[in-house]
A.B. asks: 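Okay, here's the structure, questions in a sec.
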Amino acid sequence: MSTPAAAAGLIPIRLAGPTGPAPVGAAELHLVDPSRTDPWSGQSREVMVTVTYPAADVRNRALLPWLPSGAERALKARFGGAVDGYAFPQTHSADRAPVRPGRRPVLLHSPGYTSDRTFNTLVIEQLASWGYVVVAVDHPYDSGEVEFPDGRVVVNRPDDASHEARTAAVAVRAADLRFVLDQLTVLERGGNPDAERRPLPRGLRGALDLTRVGAFGHSRGGAASATVMYLDRRVRAGIDLDGALYGPVVEHGLDRPFLLMDTAVHDGLNQDGSWPPFWAHLSGWRRCLRLADADHNSFTDVVAVAPQVPEPVRETLQAGTISPDRAVAAVRATVRAFFDLQLRGRPDTGHLLRGSAPRYPEIQYIAG
């Protein structure tokens with residue numbers, strides 16, 4: 001049987017599935033915060049969220065697309081037609097499948113600037129398959145393409161690249177993450193925070209252990225993860241994947257576990273002015289690791305997508321020279337190991353987090 005992509009004459013782009021013992025389900029939520037005014041639109045701030053979790057049964061469930069159709073068209077437009085002949089991937093997440101019983105640690109995820117919440121699907125689905133609930137947040141006008149249930153697509157409005165503008169944008173992201181955490185509390189109390197009141201997956205209430213919350217993000221999303229930890233003690237541990245830092249957290253640091261991970265291109269502790277003061281003020285568990293032969297987007301799905309698209313596009317994607325399969329395996333392992341240690345109390349991940357795991361020679365120890 002031909003796939004829809006093949007039937008349309010499109011070249012399919014594929015992403016590897018998760019390797020954990022549980023199948024994966026996911027549900028999209030549209031959340032509106034009437035207490036905040038969106039600095040770009042002037043309306044009530046609204047975000048789109050995907051909740052990804054270990055599923056009990058995924059039979060006869062459609063898989064969520066990597067991007068919904070309107071967002072996909074908007075992303076393709078960014079490339080000026082160069083990828084119009086390609087079909088973006090399906091995820092391995094069954095739409096609103098029932099949730100596997102058990103209370104799970106909750107991880108907030110924030111994507112990079114101009115990126116979308118699905119751009120770390122490879123890591124997110126891996127975490128869910130190993131028993132985490134991952135809540136990925138799009139930040140309209142700062143993320144890349146955000147499609148709402150009514151079909152509206154909000155695209156990035158470039159900031160002026162000043163330090164002040166970036167600091168303000170990170171503060172909005174952190175406020176988004178805090179709001180999402182509040183709405184997860186509503187959900188756990190039996191409410192349905194989705195603006196359209198779409199049905200929630202069976203078993204989602206009762207699955208969120210909001211006493212074990214972490215945050216991680218790539219690039220500007222990493223900065224947002226550090227800032228939300230600074231502002232909200234409900235977030236117990238965090239990861240910044242190759243992102244510069246902004247705001248008060250740089251000079252004040254954190255007293256809870258935090259992992260920095262960079263590339264030789266970035267070399268954060270030597271070349272990024274925000275990393276040394278932040279590092280000096282981290283009073284809890286801290287570690288700085290590096291992904292060898294990587295570039296900025298090697299921490300995201302882009303590293304797996306790059307070899308599947310035309311060479312002129314590939315050259316713009318900052319995917320590095322690392323093997324895509326090795327990059328995906330190393331980032332998946334590092335993020336999981338950190339949260340297993342900090343939120344599940346599993347110290348058996350120590351070798352990996354010291355950059356001395358034989359299975360992952362791409363992970364290098366820098367400091368901590």
A.B. asks: To the nearest 0.5 angstrom, please state how far the OH atom of Y365 sits from the OG atom of S356.
C.D. replies: 10.5 Å

A.B. asks: Which word best sums up how the rings of F258 and F278 line up, parallel for under 30°, tilted for 30 to 60°, or perpendicular for over 60°?
C.D. replies: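 F258 and F278: perpendicular rings.
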
A.B. asks: Side chains of N120 and L122: does their closest heavy-atom pair fall under 4.5 Å?
C.D. replies: no

A.B. asks: Are the side chain of T227 and the backbone N or O of A174 linked by a donor-acceptor pair below 3.5 Å?
C.D. replies: no

A.B. asks: Can you find a pair of side-chain heavy atoms, one from L291 and one from I322, that are under 4.5 Å apart?
C.D. replies: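 Yes, at least one pair of side-chain atoms sits under 4.5 Å.
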
A.B. asks: When rounded to the nearest 0.5 angstrom, what distance separates CZ in F179 from OG in S35?
C.D. replies: 7.0 Å

A.B. asks: Under 6.0 Å between ring centres: does that hold for F119 and W66?
C.D. replies: yes

A.B. asks: If we check side-chain contact (heavy atoms from CB on, under 4.5 Å) with P111, which of these qualifies: R173, H218, R220?
C.D. replies: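 Exactly one pass, corresponding to R173.
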
A.B. asks: Which distance, rounded to the nearest 0.5 Å, do you find between the CG of L259 and the OG1 of T334?
C.D. replies: 7.5 Å

A.B. asks: When you measure from the side chain of R197 to the backbone N and O of D194, does any donor-acceptor pair fall under 3.5 Å?
C.D. replies: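 The answer is yes, because a donor-acceptor pair under 3.5 Å joins these two groups.
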
A.B. asks: Using the side-chain contact (heavy atoms from CB on, under 4.5 Å) rule, take V331 and V303 through it: C-alpha gap first, then chi angles, then the decisive distance, then the call.
C.D. replies: CA-CA 11 Å; V331 176; V303 76; over 6 Å; no

A.B. asks: Please report whether the ring centroid of F339 lies less than 6.0 Å from that of W130.
C.D. replies: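 Ring centroids of W130 and F339 are no less than 6.0 Å from each other.
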
A.B. asks: Tell me, with the steps shown, if Y132 and D340 meet side chain to side chain donor-acceptor pair (under 3.5 Å).
C.D. replies: CA-CA 10 Å; Y132 288 91; D340 276 357; 2.6 Å; yes

A.B. asks: With rounding to the nearest 0.5 Å, note down the distance linking OG1 in T118 to CG in L75.
C.D. replies: 8.5 Å

A.B. asks: Is there a side-chain contact between L10 and P12 in this structure, where contact means two heavy atoms from C-beta onward sitting under 4.5 Å apart?
C.D. replies: no

A.B. asks: Do other residues, nucleotides or ligands put more than 12 heavy atoms under 6.0 Å from N60 CG?
C.D. replies: no

A.B. asks: Report, as yes or no, whether the 6.0 Å neighbourhood of atom CZ on R78 holds more than 12 heavy atoms from other residues, nucleotides or ligands.
C.D. replies: yes

A.B. asks: Is a donor from one side chain sitting under 3.5 angstrom from an acceptor on the other, for Q43 and T37?
C.D. replies: no

A.B. asks: Using the salt bridge (charged side-chain N to carboxylate O under 4.0 Å, His left out) rule, take R290 and D267 through it: C-alpha gap first, then chi angles, then the decisive distance, then the call.
C.D. replies: CA-CA 8 Å; R290 176 165 296 164; D267 192 10; 2.9 Å; yes

A.B. asks: Relative to F88, does K76 satisfy both conditions: NZ or CZ under 6.0 angstrom from the six-membered ring centre, and within 45 degrees of the ring's axis?
C.D. replies: yes

A.B. asks: Could you check whether E125 and T52, counting side-chain N and O atoms only, form a donor-acceptor pair closer than 3.5 Å?
C.D. replies: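 No, E125 and T52 have no side-chain donor paired with an acceptor closer than 3.5 Å.
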
A.B. asks: Give a yes or no on whether R36 atom CZ has more than 12 heavy-atom contacts from other residues, nucleotides or ligands under 6.0 Å away.
C.D. replies: yes

A.B. asks: Are D325 and S323 close enough, and set up right, to give a side chain to side chain donor-acceptor pair (under 3.5 Å), and what steps lead you there?
C.D. replies: CA-CA 6 Å; D325 289 346; S323 156; 5.1 Å; no

A.B. asks: Between R73 and S69, is any pair of side-chain heavy atoms under 4.5 Å apart?
C.D. replies: yes

A.B. asks: Is the closest side-chain donor-acceptor distance between E251 and H281 under 3.5 Å?
C.D. replies: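 Judged by distance alone, the side chains do not pair up.
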
A.B. asks: Taking the inter-plane angle between the rings of W275 and H266 on a 0 to 90° scale, is it parallel (under 30°), tilted (30 to 60°) or perpendicular (over 60°)?
C.D. replies: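 Geometry flag for H266 against W275: perpendicular rings.
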
A.B. asks: State, yes or no, whether a side-chain contact exists between P149 and M48 at a heavy-atom distance under 4.5 Å.
C.D. replies: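 Yes - at least one pair of side-chain heavy atoms lies under 4.5 Å apart.
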
A.B. asks: With distance as the sole test, does R236 use its side chain to make a donor-acceptor pair with the main-chain N or O of L343 at under 3.5 Å?
C.D. replies: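 No.
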
A.B. asks: Does the pair D255 and R233 meet the rule for a salt bridge (charged side-chain N to carboxylate O under 4.0 Å, His left out), with working shown?
C.D. replies: CA-CA 10 Å; D255 60 359; R233 297 199 65 83; 3.3 Å; yes

A.B. asks: At what distance, to the nearest 0.5 angstrom, does CZ of R61 lie from CG of L63?
C.D. replies: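 Output value for this atom pair is 11.5 Å.
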
A.B. asks: With E145 as reference, evaluate T114, D138, D116, V154 under the side-chain contact (heavy atoms from CB on, under 4.5 Å) test and give the passing residue.
C.D. replies: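 Of T114, D138, D116, V154, side-chain contact (heavy atoms from CB on, under 4.5 Å) with E145 is met by D116 alone.
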
A.B. asks: To the nearest 0.5 Å, what is the distance between CZ (R189) and CG (L210)?
C.D. replies: 9.5 Å

A.B. asks: State whether the side chain of D38 and the backbone N or O of S41 hold a donor-acceptor pair below 3.5 Å, judged by distance alone.
C.D. replies: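 At least one qualifying donor-acceptor pair exists.
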
A.B. asks: Donor-acceptor check, side chain of Y141 to backbone of P158, threshold 3.5 angstrom: yes or no?
C.D. replies: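 No, the answer is negative, given that no donor and acceptor are paired below the 3.5 Å cut-off.
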
A.B. asks: In the structure I gave you, are the side-chain heavy atoms of V228 and R178 within less than 4.5 Å of one another anywhere?
C.D. replies: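 Counting from C-beta outward, V228 and R178 do come under 4.5 Å.
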
A.B. asks: Below 4.5 Å, heavy atoms only, C-beta onward: do L241 and S219 meet side chain to side chain?
C.D. replies: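 No, their side chains stay 4.5 Å or more apart.
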
A.B. asks: For the residue pair H139 / D176, report whether a side-chain donor-acceptor contact shorter than 3.5 Å exists.
C.D. replies: yes

A.B. asks: Determine whether M261 and D240 make a side-chain contact, defined as any pair of heavy atoms from C-beta on separated by less than 4.5 Å.
C.D. replies: no

